[in-house]
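I have placed the structure first, in the form of structure tokens, so that the comments after it can refer back to it.
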Amino acid sequence: MEIVVVGAGVSGLTCAVTLAEAGHRVEVVASELSRDTVSARAAAIWYPYLAEPRHRILEWSRRTREVLNELADQAVDGAAGCGVSRVRMLEVFDRRPEGDPWWRPAVEDLRPARPDELPEGAAYGHRVEVPLADVTLYLPYLEERLRRSGATLRRLTAPLESLADVAAPGRLVVNCSGLGAGPMCDDDRLYPVRGQVAHIEPPGAGPARVWDQGPGRLTYVLPRTRDWVLGGTAEAHRADLEPQPETTEAILRRARRLAPEVAGCVVRDVVVGLRPARDQVRLERQETPCGPVVHDYGHGGAGFTLSWGCAEEVRLLVQEGSVGR
Ligand SMILES: Cc1cc2nc3c(=O)[nH]c(=O)nc-3n(C[C@H](O)[C@H](O)[C@H](O)COP(=O)(O)OP(=O)(O)OC[C@H]3O[C@@H](n4cnc5c(N)ncnc54)[C@H](O)[C@@H]3O)c2cc1C
């Protein structure tokens, strides 16, 4: 079947690779190539965050973890090839949470942290191994894998006004347009959640650390090969893209509590991205007057975490024509 994938962020590229490697003729069209998308601003650690509904998130994230771990293991020099590596993640809390995290069934190796592994002031923590993608390597890797599978990628000179603009008889459209789906599909359930992160000179080696201090208050320190990512913020319905210096200061202050070694670090750059949040990820097939559309958008703060699991379900919806749950 001839397929047009709209969107060249992590969702569109992963769907396109999955479909092209399954033998479909695939063209990706997008108003921004991957380096200019929200995906290029992500911290890109495996962590189910700001995405619903949980029963579907669990399965998509479990499957994605499996695929990303395989990619990490194939990389010759750790993170060098495709940019994916396995990292030890320490998640800490101000108060001991009741029970395991809700995403516990998606991982097999979670264990409580020892008191000496916790930063000062943290009441409880657990450790788990998760994949981390360096987006500066991983998105180009996906583009290259897409080309090798015979698919094509085209940058549009202007955003599409409607998915009907790329529909044609005998063609199926896969809609991975992130926040762009709002105006294109008249979807008012989609909204931005602004996130700001700082990239710093790497102060050495260390685990990935995440501090959950309640809704909208997630601090993280993620060591990548060539830099570390410090975050973050989550401001719903805010869409300005200019980094705020006082927010950067606050991020650095919170990050120092979590990882004292980042004190005095050199900040290389600060970026802002708008997470495409929705009350539920939209992954379903729709028969429209212009032909079939499979929607895959609204992944909130978990687009990388869900990418392969969602792409495999998209492939099933394309091939079987079954309707999403
Ligand atoms: C600061 C920050 C940190 C994050 N950290 C993580 C993390 O650690 N782990 C994780 O899993 N996720 C994380 N996320 C979330 C993740 O980045 C997103 O969920 C993901 O990038 C969404 O990918 P996407 O491909 O669906 O959309 P996008 O990356 O936004 O791509 C959308 C594509 O659609 C195209 N498009 C849109 N509208 C149109 C149109 N009208 N016509 C043509 N093309 C169109 C765009 O040009 C683009 O190519 C983070 C996000 C932010 C902002």
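Below, each value reflects all heavy atoms present in this structure, side chains not excepted, and no hydrogens, waters or symmetry copies.
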(message) What verdict does the salt bridge (charged side-chain N to carboxylate O under 4.0 Å, His left out) test give for E143 and R35, after you've listed the backbone C-alpha separation in whole Å, the side-chain angles of each residue and the deciding distance to 0.1 Å?
(response) CA-CA 11 Å; E143 283 187 5; R35 62 178 172 275; 5.8 Å; no
Do the side chain of [X] and the main chain of [Y] share a donor and acceptor less than 3.5 angstrom apart?
| X | Y | result |
| --- | --- | --- |
| R238 | R194 | no |
| R104 | V107 | yes |
| S31 | P159 | no |
| R171 | V166 | yes |
| T64 | W308 | yes |

(request) State which residue, out of Y49, W60, W46, fulfils the ring-ring contact (aromatic ring centres under 6.0 Å, His included) condition with W103. (result)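 Testing each of Y49, W60, W46 against W103, the sole residue satisfying ring-ring contact (aromatic ring centres under 6.0 Å, His included) is W46.
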From [atom1] ([X]) to [atom2] ([Y]), nearest 0.5 Å:
| X | Y | atom1 | atom2 | answer |
| --- | --- | --- | --- | --- |
| Q244 | T233 | CD | OG1 | 10.0 Å |
| L118 | R209 | CG | CZ | 12.0 Å |
| L222 | I45 | CG | CD1 | 4.5 Å |
| R224 | L132 | CZ | CG | 7.5 Å |
| Q196 | I251 | CD | CD1 | 5.0 Å |
| W228 | E261 | CH2 | CD | 4.5 Å |

(request) State whether the number of non-hydrogen atoms from other residues, nucleotides or ligands found under 6.0 Å of E120 atom CD is greater than 12. (result)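 No - once you tally the heavy atoms of other residues, nucleotides and ligands closer than 6.0 Å, there are 12 at most.
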(request) Look at atom CG of D186 and say whether more than 12 heavy atoms of other residues, nucleotides or ligands are closer to it than 6.0 Å. (result)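 At most 12 heavy atoms, drawn from other residues, nucleotides or ligands, come within 6.0 Å of this atom.
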(request) Give me the other members of the hydrophobic cluster that Y124 sits in, counting Ile, Leu, Val, Met, Phe, Trp and Tyr linked by side-chain heavy atoms under 4.5 Å, directly or via other members. (result)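 F93, listed by chain and number.
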Determine, for [X] against [Y], whether the closest basic-nitrogen to carboxylate-oxygen distance falls under 4.0 angstrom.
| X | Y | value |
| --- | --- | --- |
| E59 | R63 | no |
| R56 | D296 | no |
| E201 | R268 | yes |
| E117 | R111 | yes |
| R62 | E66 | yes |
| E32 | R41 | no |
| E312 | R315 | no |

(request) Determine, step by step, whether E249 and R253 satisfy the salt bridge (charged side-chain N to carboxylate O under 4.0 Å, His left out) criterion, reporting the C-alpha distance in whole Å, the side-chain angles of both residues, the deciding distance to 0.1 Å, and the verdict. (result) CA-CA 6 Å; E249 280 310 310; R253 209 171 34 247; 5.3 Å; no
(request) Group every Ile, Leu, Val, Met, Phe, Trp and Tyr by side-chain heavy-atom contacts under 4.5 Å, then state whether V229 and L274 land in the same group. (result)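 No, V229 and L274 fall in different hydrophobic clusters.
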(request) For H199, check ring pair (Phe, Tyr, Trp, His ring centres under 6.0 Å) against everything at least two apart and list the hits. (result)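 Ring pair (Phe, Tyr, Trp, His ring centres under 6.0 Å) list for H199, sorted by chain: empty.
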(message) Just so I know, are the side chains of L163 and C290 near enough to count as touching, which here means a heavy-atom distance under 4.5 Å?
(response)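 No - every pair of side-chain heavy atoms lies 4.5 Å or more apart.
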(request) Could you go through the side chain to side chain contact (heavy atoms under 4.5 Å, CB included) check for R282 and L190 one step at a time? (result) CA-CA 10 Å; R282 187 174 186 196; L190 197 59; over 6 Å; no
(request) Evaluate the criterion side chain to side chain contact (heavy atoms under 4.5 Å, CB included) for residue pair W211 and V221; output intermediate values, then yes/no. (result) CA-CA 9 Å; W211 195 328; V221 174; over 6 Å; no
(request) Step by step, work out the side-chain hydrogen bond (donor to acceptor under 3.5 Å, both in side chains) result for H295 and E284. (result) CA-CA 5 Å; H295 299 283; E284 64 182 358; 5.4 Å; no
(request) Evaluate the criterion side chain to side chain contact (heavy atoms under 4.5 Å, CB included) for residue pair T305 and I57; output intermediate values, then yes/no. (result) CA-CA 9 Å; T305 307; I57 300 302; over 6 Å; no
(message) Determine whether V84 and Y141 satisfy the following criterion, side chain to side chain contact (heavy atoms under 4.5 Å, CB included), listing intermediate values before the conclusion.
(response) CA-CA 10 Å; V84 182; Y141 159 81; over 6 Å; no
